[in-house]
Amino acid sequence: MPEYQARQTIGELLDRQGISRRAFIKYCTAMASLMALPPLAGRAMAEQLRAARRPSVIYLSFQECTGCLESLTRSFSPSIENMIFNVISLDYDDTLMAAAGHRAEAARDQAMKANYGKYLVVVDGSVPTADGGIYNCAAGRTAVDILTETAKGAAAIVCVGTCSSFGGIPFADPNPTGARPVSDLIGDKPIINVSGCPPIPEVITGTLLQFVTTGQVPDLDEHRRPKVFFGNTIHDRCYRRPFFDQGKFAKTFDDEGARNGWCLFELGCKGPTTYNACATTKWNGGTSFPIESGHPCLGCSEPGFWDKGSFYAALSTGTFGRAGNLTPRDAAKLGGAAAATGIAVAAGATALARHRRKVRMTDIQTADTQKEE
Amino acid sequence: MSRLGDIPIRIERPDFAAMAGTIGGGVTAILAEIAALLDRLAAGDEPQAIDLKSLPMNPGDREQLIEALGSGEVAITLYADGESTIRETGVHGVWWTEHRDGDGEVTAAFIEIARVPGILIVDSDELQRGAERLRSAIGATRSSE
Amino acid sequence: MDLLQFARGPALKFALIVFCFGVLWRLTAVFLLRHERTLSEPRHPVFRALMGGLLAAGSRSAPHREFIRRTGYSEALGYSYHIGLFVVVLAFGPHIAFLKSLFGVSWPALPNNLVTVIAALTLTLMLAVLLRRLTHRVLRLLSNFDDYFSWFITALVIVTGLMASTHFGAPYEQLLAWHILSFDALLVWFPFGKLMHAFYIFPSRAINGYALARKGASV
Amino acid sequence: MNTVATAGAAAAVKTAFDRQGALGEDARVDRAMAGFACDFGALSALRLESCIHCGMCADACHFYIATEDPQYTPIWKVEPFKQAYKRESGPFAPLFRLFGFKRKLTADELGQWQHLLFDSCNLCGRCSLICPMGIDVAALIEQARHAMFEAGLAPKELYEKAAHQKRTGQPEDSAEPYRDKLLAIGRSHGVDIPLDKPEADVMLTVPRTDIEHYPEAVAALARVMSHMNVSCTFRSDGLVAENYAYYAGGREWQRDISRRLIEQALACKVKVLIVPECGHAYSALRWEAAELYGRPLPFKVRHITEYLAAQLDAGKLRLRQAANGVSTFHDPCQLVRKGGVTESPRKLLRAMGVELRELDDHGAFAFCCGGGGGVLDIQRAAPLRYRAMESKLREVDQTGAQTFLTSCSDCRRTFDDGKRHFNWDKTPQSLLELIADHLGSAQEARS
């Protein structure tokens, strides 16, 4: 990595690339809007960023599908992502980097050495721990190994996607690879989870940007997600919320309610318990989000989202067993069996009561007879 | 890359126009807030803005809001990494700003309550850099003479 | 497994099992006790006595005119909070979705805001009911743990439900978890306390009404 | 009874109670609980299970209304037995016993309930009518009395009368036997008393109250029957209509006392057994005798007003117009509310052209006179009984009626007693006597 780049401020780099201050303010304004900051705060943010130095970023991919990286790079607003590569110095990403094999590994070593204690680690994918971690290896080393080593000199770890944040799909029952989220394995570093399957690209860049701007870990929720993006539920911000409030629900995917754009709660929407920015930031450059295209929220940015019963069963219904939801047939079986047992026990209790009654009546009669004699 | 709008698909949407003012009907509330912010600006406070993207508004609401504010005397186009438009509304000091990226997608949209939209103001660094650039241009001319 | 998962998974399952088991136990045990034969000559034939039973099942829903002056207040209070409870339980969308998952049938919901207001009113009325139980000399004497606990658990379900629907005080999924957990607790308690009156009310009226009507006594 | 202890203060201010037998304390409680549990059937269980502690039954009870003392809440009167039920035969009884949820009462505590079950309950059943769950509270109290009797905890007056009646057929000793008294009444009132006929259509009985206090009512009964030319007879061995064991709660004694009448009725092959003007006798014979006897009775049991109303319809009873001004009528609980004999007395009054002005609370909703259920015979209950009857007397006054009628001699005696206590200006009169005084001529009766 060329020395001069690391010492440069972002402003200097932008100037060199001919990106004007107004263009950068525009970008920061958009980011501020995403972070629910006042739009005018974008100007202050731009000034701060221009004065900041680009941090070195090491991007580690483990047990993942690359969807998160796709999300980040295949955005409809490439200029924002172009921008992000001006703001950070992506020194290692085995998917994106041109180098391969030992050269690629050498790039990681070099970035770590040069920025020890200051670099940012981005993790994509869960970490398999079963059978010695053999289910995910690169350059002959297990993911656990690579993660532990890289994390040592990190200023912070950003987990991109639900897999690295909470385990995600590999973590789903029965979890054959013993997949774990990063937070289970690294205890001594600040961890920021940017969950979602995949996360919204603007949320990924926004989180990185915020870290670069302030040099600090942002306010996190109980699942270590940045509150600015994960502070509200989908339901809180959903444009179909008024229909929920009016008690108007689509009952199937093709009924009148569905066509009228009514609330998808009864079709299993997890919006009320899912914290993410989909409803406001939307996807594909602000085009739409799942609910807008008529599909309930799956709750992909929540821990264990794969193991919370059917995607298509309402939140207020029961979940039974593995990914199963209570159905009338289950309920009848369950209730029937319980009721039958209840009847049996009652018969026993009554028989006992009758028996006791008989015994006591006999006792009393005997006593009476004795008295009369 | 083709724009999403170019793909010939039909999107079934609820009749938002009919719903306007009945649900999500925050238009009145937004107008009231703008009025309050104008008062504060006149009293010497900092300029403020209302983010249009974070408000759960439907297109019907949006049209109502545009209609209520009307159109004014100034329209500015900013060519900085995509076109941005800044229009003064019928109310002086109320600016409707839309930033677009290189693909023409809206990246930020807000109503700014300010004497002049902040992004237009050139800062001291830029003035200095401009001056330096001119001087170096003069120097180049002179040396070439 | 988070709290919500626990509440709507194993806890709900357990609660439903205990509920069905307990309700049937309690009903059957009463039914299986000795049935006394009536040998006296009835005043009215069986059919008329049965009609008397049916009449009592319905007519005791309103006090006899003669008693209204003394019991009107309790009746009105009792009625209003029961109606509130029914509306909240049966007309709230998410509840309907739950009932549909149990019984396979559903019906239109009332607006949530309306249900929320009704729930708040119902809670207020229940507080009035509690206050009356605590201050009325007869009720204070009669009341036992069952009365207070059944009140408490019902009120708890309403309070947590209100908090969940208004997102008050904690993240929604936690409030929802507490709401479902308190409902689970109510289901478990149901067969063992006075909440069973939901099952007893009509049989009790009808059977007693029948016994009275066959004598020609007033129902 | 202004010093009646509220249940809360029961430990501090104890009311006196009576005991029978020499049972130990534990045995007494055990017997009470067993007695209650033994009585238990599905219907009673349903009644106890259904109670929601709403307290409305208090608002039907004249003892509560008069005193506002919560211990007189009808359902509270069976509280110890509710607990016993939960321990002994309720659905969760095994659990209750296993975990000791319900402790046993002491005999002393149980004794406190004697006041509630006997002194302050007329078994009038008004509470059974108010209960929103439809519970027949009076039936439960009757059952609790059985348990109290089993435990030897009945009030002494009721116990002694019951014992006497079981032994001799009449509830107390009298200078001359009731049989002789009956004949003497016939002689002094100039009516023929049909006695001990080997066969008849109708068997007559007589309230002990009438024999002792209202001989003219006895004469009226004989006169009315003879007017209708009905083949009827009194039986020396089955004269007394009342059943004191019914009051006292002695189930087996009640059966024995009823059996005496049933056997006499069977002996003379009657079609109808007439219960004279006595409410509880009606309940005991009409609704409980067959059950205790063990099989349906081959004859009908009818109250005298019921019987006379039927005879009126059949044209056998002819009545003259009575000019006794505006009248009001007290509905005896056992006959009207609990027995359904509501229309008959009114029909008879109409036939005599009596202008009836109803009480505020009448028919099924009438208040008890306060003497029912044996309360009239319990000495210590008198002060409470007077308090409870005050509003009844006021209701009677409010009608402005000149004549105050009833068709139960115990109600009549209660009102007479109240009249003396309160210096009341009205005299309760017997409907039967009014009828006997207004019989149409034999000519009219036949035509």
Side-chain angles (χ1 to χ4, degrees), chain A residues 221-222 233 235-236 241 243-249 251 263 265-268 270 272-275 299 302-304 307-309 313-321 324-332 334-351 353-354 357, chain C residues 1-2 4-13 15-34 91-106 108-116 164-165 167 171-174 176-177 179-180 184 191:
Chain A
D221 72 2
E222 54 170 358
T233 63
H235 187 66
D236 286 335
R241 176 65 183 269
F243 291 115
F244 177 84
D245 291 338
Q246 288 168 23
K248 289 179 174 167
F249 299 98
K251 310 269 178 190
C263 177
F265 182 89
E266 290 189 16
L267 285 169
K270 304 295 181 286
T273 57
T274 304
Y275 291 79
E302 292 301 309
D307 292 323
K308 289 183 172 176
L315 256 180
S316 58
T317 61
T319 57
F320 284 160
N325 273 80
L326 184 61
T327 62
R329 179 191 281 241
D330 293 337
L334 198 73
T341 322
I343 291 171
V345 172
T350 325
R354 284 184 171 212
R357 171 176 170 266
Chain C
M1 181 179 293
D2 58 27
L4 178 58
Q5 281 310 100
F6 175 73
R8 59 193 283 245
L12 179 63
K13 192 171 180 177
L16 284 171
I17 289 173
V18 171
F19 176 80
C20 292
F21 170 75
V23 165
L24 262 292
W25 177 0
R26 188 151 168 200
L27 287 177
T28 315
V30 168
F31 178 77
L32 287 181
L33 283 171
R34 201 162 43 90
F92 184 57
H95 294 167
I96 296 172
F98 173 74
L99 294 170
K100 188 186 175 191
S101 76
L102 282 187
F103 303 112
V105 287
S106 74
L110 281 183
N112 290 6
N113 293 342
L114 181 62
V115 176
T116 306
S165 68
H167 297 214
Y172 176 75
E173 67 276 9
Q174 265 176 42
L176 182 63
H179 180 54
I180 296 179
D184 293 343

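Keep in mind it's a predicted model, so treat the numbers as computed, not measured.
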Nearest 0.5 angstrom please: C:L102 CG to A:L326 CG, how far? 5.0 Å
Atom OG1 in A:T350, atom CZ in C:F31: separation rounded to 0.5 Å? 11.0 Å
Roughly how far, to the nearest 0.5 Å, is CG of A:L334 from CZ of C:F21? 13.0 Å
Check each atom of C:Y172 against the heavy atoms of chain A and say whether the ones under 4.5 Å are side chain, backbone, both or neither. both
C:R34 versus chain A, the contacting section by heavy-atom distance below 4.5 Å: both
Which atoms of A:Y275 are under 4.5 Å from chain C, going by heavy atoms: the side chain, the backbone, both sets, or neither? side chain
Quick check on the interface: out of C:A91, C:G93, C:P94, C:A97, who has the most heavy-atom pairs with chain A under 4.5 Å? C:P94
Using a 4.5 angstrom heavy-atom cutoff, name the option from C:I17, C:L12, C:D2 with the most pairs to chain A. C:I17
So, the part of C:P171 with a heavy atom under 4.5 Å from chain A: the answer is both
Structural part of C:L32 lying under 4.5 Å from a heavy atom of chain A: both
Between atom OG of A:S316 and atom CD1 of C:I96, what is the distance when rounded to the nearest 0.5 Å? 9.5 Å
With a 4.5 angstrom heavy-atom cut-off, which part of C:L4 approaches chain A: side chain, backbone, both or neither? side chain
Which one of A:G247, A:G318, A:P328, A:G336 has the most heavy-atom pairs closer than 4.5 Å to chain C? A:P328
Option that, when pairs with chain A are counted at under 4.5 Å, heavy atom only, ranks first among C:A109, C:C20, C:G104: C:C20
With rounding to the nearest 0.5 angstrom, report the OG1 to CD distance, A:T319 to C:Q5. 5.0 Å
Using the side chain to side chain contact (heavy atoms under 4.5 Å, CB included) rule, pick out the option among C:L114, C:T116, C:N113 that qualifies with A:D245. C:N113
Where on A:A349 is there a heavy atom nearer than 4.5 Å to chain C: the side chain, the backbone, both, or neither? side chain
Which region of C:H167, side chain (C-beta onward) or backbone (N, CA, C, O), has a non-hydrogen atom less than 4.5 Å from a non-hydrogen atom of chain A, or is it both or neither? side chain
Under 4.5 Å to a heavy atom of chain C? For A:A340 that would be neither
Closest contact, heavy atoms only, A:L315 versus C:R8: O-NE, 3.0 Å
Segment of A:E302 engaging chain C (4.5 angstrom heavy-atom cut-off): neither
